[in-house]
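Hydrogens, waters and symmetry mates play no part in the numbers below; they use all other heavy atoms, side chains included. Naming convention: chains lettered A, B, ... in sequence-line order (proteins, then strands); numbering from 1 in each chain.
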Protein chains: 2
Amino acid sequence: MNKNTINRGVQRSPCPISTSLDIWGDKWSLLIIRDMMLFNKNTYGEFSNSMKKIATNILASRLVDLEQSGLISKEEHPDSKAKIFYKLTQKGIDLLPIIAEMNLWAAKYYEIGPKAKEVNKMLKKDKAGFIKSRTAVLKKL
Amino acid sequence: MNKNTINRGVQRSPCPISTSLDIWGDKWSLLIIRDMMLFNKNTYGEFSNSMKKIATNILASRLVDLEQSGLISKEEHPDSKAKIFYKLTQKGIDLLPIIAEMNLWAAKYYEIGPKAKEVNKMLKKDKAGFIKSRTAVLKKL
DNA sequence: TAAATTTGCTTGCAAATTGCAAGTGTAAAT
DNA sequence: ATTTACACTTGCAATTTGCAAGCAAATTTA
C-alpha cells in the first residue's frame, strides 16, 4: 500500500476555505480534476502524460485520495480491462465554478497557454453557459 | 533570512490552474488571504491568533511569499509603529470570486462554522453584490 | 525612567510530504 | 509465445512543514 496519502481525516477548522484546501489544496489534485473536467482525460496514463512532472507514486496516491474524498470514482473502461476509467462525481463536477474563477484570475495576471485561452474566451463570453454545458457533458459520462 | 520560502520563481506549466496553485496552493496562503478579505485581519498577530495551528516561521515566510507574488503589500499601521498593516493589492482582491466559490462548494458538502455560514447566506442571496461591496471595502483600506 | 510586555519575527532541529528511479503484475497486442 | 501497454508499488533522497525556543525594537506599566 502506498504511504503518500495525505491526512484528510480531520478538518483543521470548520472554515470552508480550510476544508477545501484540506481536500484538494496540494500541488496536484486540482490538476487531475482539471484534466477530467476540461480536457477529457480519464485514465492514469492520460494524467501521467498530461502532467509530465508528476511522480507516479504521487499520482497514484492522489487518485486514491480523490476517490476517498468522493470527488472521483473508478469505473470500467469501455475499451479495455487493463485501463481504469476515472470519472468525476457530482461533488467533483461542482468544483467547476472554482476552476473557472481560477482560469479567469490567472489569465488576468499571467501568460497562459492556447488551450487555457480558449476556455478563458468562453468563460468571458458566457460563464454560466459554459459551466452549464460542461456540467451536462460530465454528467453523461 | 527565512529559508521556508516556496519556489514560486517558475511556473510549472502555462496552465492557469497550475499557475494559481504555484502562487497560493499550499496549506496556509489562502487562509491569510481569507482573513484579510472577509474578517478584517491585517497584522501578523491577528493572523497568528486566527490560525492558531500555523507555525510562526511558516506564517512569516508566507507573508513574504504573498508580498513577492504581489497579492499583499506592507503598510504602516495607523495605531503603532510596532505593528505592520498587511493590505490586499488589486491582484489579491481579485481572488474574492475564488474564495466565494470555495465557500459555496464546501458549504454544500461539509459542516461549516457560524461565521462562514453568514458569508454563505449572503453569497447565496446575491453573489455579485457581495463581491462588489466587499471589493469596495477592501480598496478603501 | 526602568522594567515588563507586546509585536513581528528568526533559528535549529524533527516530522511529514514530495520527488526520483527502478521494479512488479495483469491485460492486450504481435 | 513474447513483447508491449497499463496501472501501479517500493525504497530512498530532497524539499517542505511543524515545533519550541529565542530575540530585537516598539510600547505599555510601574
Side-chain angles (χ1 to χ4, degrees), chain A residues 1-10 12-13 18 21-32 35-36 41-67 72-87, chain B residues 1-10 12-13 18 21-32 35-36 41-67 72-87:
Chain A
M1 233 275 248
N2 192 308
K3 274 286 185 184
N4 290 98
T5 316
I6 293 177
N7 175 11
R8 301 189 201 273
V10 232
R12 285 179 291 168
S13 90
S18 165
L21 292 171
D22 286 344
I23 303 294
W24 50 260
D26 65 279
K27 280 174 83 91
W28 297 110
S29 293
L30 212 56
L31 299 184
I32 298 171
D35 271 2
M36 298 174 78
K41 317 247 184 230
N42 294 93
T43 65
Y44 183 100
E46 286 171 331
F47 301 140
S48 183
N49 193 53
S50 164
M51 300 170 274
K52 307 213 165 103
K53 290 178 201 159
I54 194 174
T56 60
N57 57 338
I58 300 297
L59 174 54
S61 46
R62 287 305 164 271
L63 289 169
V64 169
D65 293 345
L66 290 172
E67 195 195 4
I72 67 175
S73 63
K74 285 171 126 177
E75 311 284 342
E76 286 185 6
H77 198 286
D79 296 353
S80 156
K81 280 178 189 169
K83 294 185 185 180
I84 290 172
F85 190 92
Y86 289 98
K87 181 182 158 181
Chain B
M1 234 276 249
N2 192 306
K3 274 288 186 185
N4 291 97
T5 316
I6 294 177
N7 174 10
R8 303 190 200 273
V10 232
R12 285 179 292 168
S13 89
S18 164
L21 292 171
D22 286 344
I23 303 293
W24 51 259
D26 65 279
K27 280 173 83 91
W28 298 109
S29 293
L30 211 55
L31 299 184
I32 298 172
D35 271 1
M36 300 175 76
K41 318 246 184 232
N42 295 94
T43 66
Y44 184 99
E46 287 172 331
F47 302 141
S48 183
N49 193 52
S50 164
M51 300 171 274
K52 306 211 166 106
K53 288 178 201 158
I54 194 174
T56 61
N57 57 339
I58 300 297
L59 174 53
S61 46
R62 288 304 164 273
L63 288 170
V64 170
D65 293 346
L66 289 172
E67 195 194 2
I72 67 177
S73 63
K74 285 171 128 178
E75 311 284 342
E76 285 185 8
H77 196 287
D79 296 351
S80 157
K81 279 178 189 168
K83 296 184 184 180
I84 290 171
F85 190 93
Y86 290 98
K87 181 182 159 183

ask   = Taking only residues two or more places apart in sequence, or in another chain, which ones meet B/Glu67 in a side chain to side chain donor-acceptor pair (under 3.5 Å)?
value = none
ask   = For the pair made of NZ in B/Lys41 and P in C/dG8, what is the distance, rounded to whole Å?
value = 13 Å
query = Would you say A/Trp28 reaches C/dT17's phosphate, i.e. side-chain N/O to OP1/OP2 under 4.0 Å?
reply = no
ask   = How is A/Ile84 classified with respect to the nucleic acid when contacts are heavy atoms under 4.0 Å: base, sugar-phosphate, or nothing?
value = sugar-phosphate
key: Nearest-nucleotide pick for A/Ala60, side chain only, options being C/dT18, D/dG18, D/dT9   = D/dT9
task = Give, ordered by number, those residues of residues 42-54 of chain A having at least one heavy-atom distance below 4.0 Å to an atom of DNA chain D; if nothing qualifies, reply none.
result = A/Thr43, A/Tyr44, A/Gly45
query = Atom CG of A/Asn57 and atom P of D/dC6: how far apart are they, to the nearest Å?
reply = 20 Å
inquiry  = How many whole angstroms separate atom NZ of A/Lys74 from atom C1' of D/dC6?
reply    = 13 Å
Got a list of protein N/O to nucleotides 25-30 of chain C N/O distances below 3.5 Å?
unit_1, atom_1, unit_2, atom_2, d
C/dA27, O3', A/Ala82, N, 3.4
C/dA28, OP1, A/Lys81, N, 2.8

Atom pair CD1 (A/Ile72) and CG (A/Asp65), whose distance is rounded to the nearest 0.5 Å = 9.0 Å
task = Round to a whole Å and report the spacing from CD1 of A/Ile32 to P of D/dC8.
result = 11 Å
ask   = Tell me: CG of A/Leu31 to P of C/dT18, nearest whole Å?
value = 13 Å
Interatomic spacing from OG in B/Ser73 to CD1 in B/Ile84 - rounded to 0.5 Å = 11.5 Å
ask   = Which whole-number value in Å describes the distance from B/Asp65 CG to C/dC9 P?
value = 13 Å
task = Please determine, for the side chain of B/Thr56, which listed nucleotide (C/dA22, D/dA20, D/dC19) has the closest atom?
result = D/dA20
If you look only at distance, which donor and acceptor atoms sit under 3.5 Å apart when one is on a side chain in residues 41-54 of chain B and the other is two or more places apart or in another chain?
unit_1, atom_1, unit_2, atom_2, d
B/Asn42, ND2, B/Tyr86, O, 2.8
B/Thr43, OG1, B/Glu46, N, 3.2
B/Thr43, OG1, B/Glu46, OE1, 3.4
B/Tyr44, OH, B/Thr56, O, 3.2
B/Glu46, OE1, B/Asn42, N, 2.6
B/Glu46, OE1, B/Thr43, N, 3.1
B/Ser50, OG, B/Asp35, OD1, 3.3
B/Ser50, OG, B/Asp35, OD2, 2.7
B/Lys53, NZ, A/Arg12, O, 3.1

request  = Would you mind reporting whether B/Arg62 and B/Asp26 have side-chain heavy atoms less than 4.5 Å apart?
outcome  = yes
key: Minimal non-hydrogen separation, B/Leu31 against B/Lys27, with atom names   = CD1-O, 3.7 Å
inquiry  = Tell me the interatomic distance from B/Asp26, atom CG, to D/dT16, atom C1', rounded to whole angstroms.
reply    = 10 Å
query = For the atom pair CG (B/Leu21) and CH2 (A/Trp24), what is the distance rounded to the nearest 0.5 Å?
reply = 7.5 Å
message = A/Ala82: which residues meet the side-chain contact (heavy atoms from CB on, under 4.5 Å) condition with it, sequence neighbours left out?
response = A/Ser80
request  = Could you check how far CG of B/Leu21 sits from P of C/dT18, rounded to whole Å?
outcome  = 12 Å
Single hit among A/Glu76, A/Lys74, A/Glu75 for side-chain contact (heavy atoms from CB on, under 4.5 Å) with A/Phe85 = A/Glu75
query = Between the two ends of the helix from C/dT1-D/dA30 to C/dT30-D/dA1, what is the bend in degrees, rounded to 10 degrees, where each end axis spans five pairs?
reply = 20°
remark   = dist B/Ser13:OG -> B/Asp22:CG (nearest 0.5 Å) comes out at 8.0 Å
